[in-house]
Structures are given as structure tokens and as C-alpha cells.
Amino acid sequence: MSAAGRARPPQLRRAFYARPSVEVAPELLNKVLVLGACRGRIVEVEAYLGPDDPASHAHRGPTRRNATMFGPAGHLYVYFTYGMHWCANVVCGRPGEGTAVLLRALAPLEGLDAMRARRPAARRDRDLCNGPAKLAQALGIDGRLDGADLTARPGSGEVAAGPVVTIVDGGTPPPDDPVVTTRIGISRAIELPLRWYVRGEPHVSRR
DNA sequence: ACCGGGATGTTCT
DNA sequence: GAACATCCCGGTG
């Protein structure tokens, strides 16, 4: 195969994201988040359901903070919490629905030196990305990436160099038997089984 | 191992 | 004022 013909990893398209977050979430497991030189396999996610979900930022309808959630699918919703942490979601569904998937943990694949530099508190590499704010810090995700289009095509549009952040198929399919549990760190709708992670995976935030 | 508390600032009641 | 889709550190067992 020629160098020019060598396919880059297939980027997830808009149609992948434009479905209910409960469908998208488990299928994001084992996909690869790419940001600059850093790559990590998604191993833990949570679904948030929109205005009817009391635990969702969308619960009270659109605001300035959550505006991205109510936009088109396939964009990154990045929010600030606890006065110091950023977390990243993938917007799902149809415009106006306000549904998203929270990225909770990655298994680091590439760019570990950069991750370690941004996460001095991580004693072991398994602590680099095993939490939603940890992975954001490791990859350098902050409010500047809120609204970023994960489906932007390389070499098209305003960004000649391609998307700043995207998700690709790394070749590993989603697990047939993911662990499904209740969501973490919320105080409402705590009983719903909307958290998925890869069974046996050491890089999850909690067992 | 587990547990408790502090950090830090935006958003909402 | 209180809550917050969290993390880190320092205690004890």
C-alpha cells in the first residue's frame, strides 16, 4: 500500500452520534479519543438524557453554560465544575434534545509524556485518565474546546489541519458484555443504570 | 485498604 | 447561601 493510500483510522461520522445517548454510550467503549499527539481508548462512559433527566445539565433547559448540549450531535460539550475541573461530553441525538455522553475514563495509548507533564499528581500511568476531570487535564481539554466539532473532516473548512479533537475507530469493537452500573457523583436520579465500562479494565475510575 | 475534609469558582435557589 | 456529572492529601487500620 502506498503512503498516500494508507487510510487513517476511520473517524466517527455525524450519524453515529445522532442517536439517543443510551445507544451511543456503550458503542463509544473502545473507540479512541484523539487530541493533538495524545490518544486514549475510551473505557468508561455515562449517558445523560436531557431535560427530563434530573441529573443532567440539560434538566432546566438551555442556558449559556449548556448551550452546546442543545446543538447538533458530534460536538464536544466541555463544562467547568467544583471551581477547578473540566469535564468533556459528546453531544448526541437531534438538535434541541440536550442529550450527551460523559467521557469518564481512558486507557492512555499515545502521548503519555505530555499527559504525565499535565498531571503531576498521577503517581501511576493508570491514574492519568481514570476520571472525567483527570482525562480532561491529561489531554489539555478546557473551555476553549467547548463546541468543537468531532466530525470535522481533515483539510476541509476553516481548519486546514483537520479537527483539533476527534474520535476514531481504533479497531477494537465495543465489548459484548460491558459492565452497566448507576452513575457516579450525582445526587438525583441516582438509581438509573446509565454508566458503562469495559469489564476487567484497570483504567476505569471506580470498580 | 478506607475514610474525611479542603480546594476553588460558577451556577442555581 | 448551597450545590456542584471532582480530585487530592493526610489521617487511621
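Order of the sequence lines sets the chain letters (A, B, ...), proteins ahead of strands, with each chain counted from 1.
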Specify the closest pair of heavy atoms between [X] and [Y], including all atoms of both residues, with the distance to one decimal.
X	Y	value
A/L29	A/P178	CD1-CB, 3.8 Å
A/T151	A/Q11	C-NE2, 3.9 Å
A/S56	A/G98	OG-O, 4.3 Å

Taking [atom1] from [X] and [atom2] from [N], how many angstroms apart are they, rounded to a whole number?
X	N	atom1	atom2	answer
A/D142	B/dG9	CG	P	16 Å
A/H59	B/dT13	NE2	P	9 Å
A/M84	B/dG6	CE	P	13 Å
A/F80	B/dC12	CZ	P	15 Å
A/Y79	B/dT8	OH	P	20 Å
A/I141	C/dT6	CD1	P	15 Å
A/N66	C/dC4	CG	C1'	14 Å
A/R60	C/dC4	CZ	C1'	11 Å

Is the distance from OP1 or OP2 of [N] to the nearest side-chain N or O of [X] less than 4.0 Å?
X	N	result
A/R123	C/dC8	no
A/R65	B/dC12	no
A/H85	C/dC7	no

Open item on the list: Show, in sequence, the C-alpha distance, side-chain angles and deciding distance for A/R39 and A/V34, and conclude whether the side-chain contact (heavy atoms from CB on, under 4.5 Å) test is met.
Closed with: CA-CA 5 Å; A/R39 293 164 45 90; A/V34 182; 3.8 Å; yes

Open item on the list: For A/I186 and A/Q137, find the nucleotide of DNA chain C closest to each by heavy atoms; which residue's nucleotide sits nearer the 5' end?
Closed with: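 Mapping each residue to its closest nucleotide by heavy atoms, the 5'-most match is A/I186.
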
Task: Pairing string, 5' to 3', for DNA chain C - Watson-Crick or wobble contacts under 3.5 Å, brackets [ ] where pairs cross, | to another strand - done: ||||.|||||||.

Open item on the list: I want to check something: taking the side chain as every heavy atom from C-beta on, are A/L103 and A/V90 in contact at a cut-off of under 4.5 Å?
Closed with: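 Heavy-atom side-chain distance check passes, below 4.5 Å.
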
- [ ] Group every Ile, Leu, Val, Met, Phe, Trp and Tyr by side-chain heavy-atom contacts under 4.5 Å, then state whether A/L135 and A/L112 land in the same group.
- [x]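 Per the 4.5 Å side-chain linkage, A/L135 and A/L112 are co-clustered.
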
Looking at [options], which one has an atom nearest to any side-chain atom of [X]?
X	options	result
A/T63	B/dC12, C/dA5, C/dC7	B/dC12
A/S187	C/dA5, C/dC4, C/dC8	C/dC4
A/P132	C/dT6, B/dT13, C/dC8	C/dT6

TODO: Identify whether any heavy atom of A/A55 sits under 4.0 Å from a base atom; if not, whether one sits that close to sugar-phosphate; answer base, sugar-phosphate or nothing.
DONE: base

TODO: Answer with base, sugar-phosphate or nothing: what part of the nucleic acid does A/R195 contact at a heavy-atom distance below 4.0 Å?
DONE: nothing

Task: For A/D149, salt bridge (charged side-chain N to carboxylate O under 4.0 Å, His left out) partners two or more places apart - done: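 Expected list: A/R14.
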
- [ ] Using the six-membered ring wherever Trp is involved, compare the ring planes of A/F80 and A/W86 and label them parallel, tilted or perpendicular (cut-offs 30° and 60°).
- [x]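 The arrangement is tilted - the two ring planes meet at 30° to 60°.
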
TODO: With P as the reference atom in both, quote the distance from B/dG6 to C/dA2 in angstrom, rounded to an integer.
DONE: 15 Å

TODO: Check if the side chain of A/Y82 and the base of B/dA7 share a donor-acceptor pair of N or O atoms closer than 3.5 Å.
DONE: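 Check fails, no donor-acceptor contact within cut-off.
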
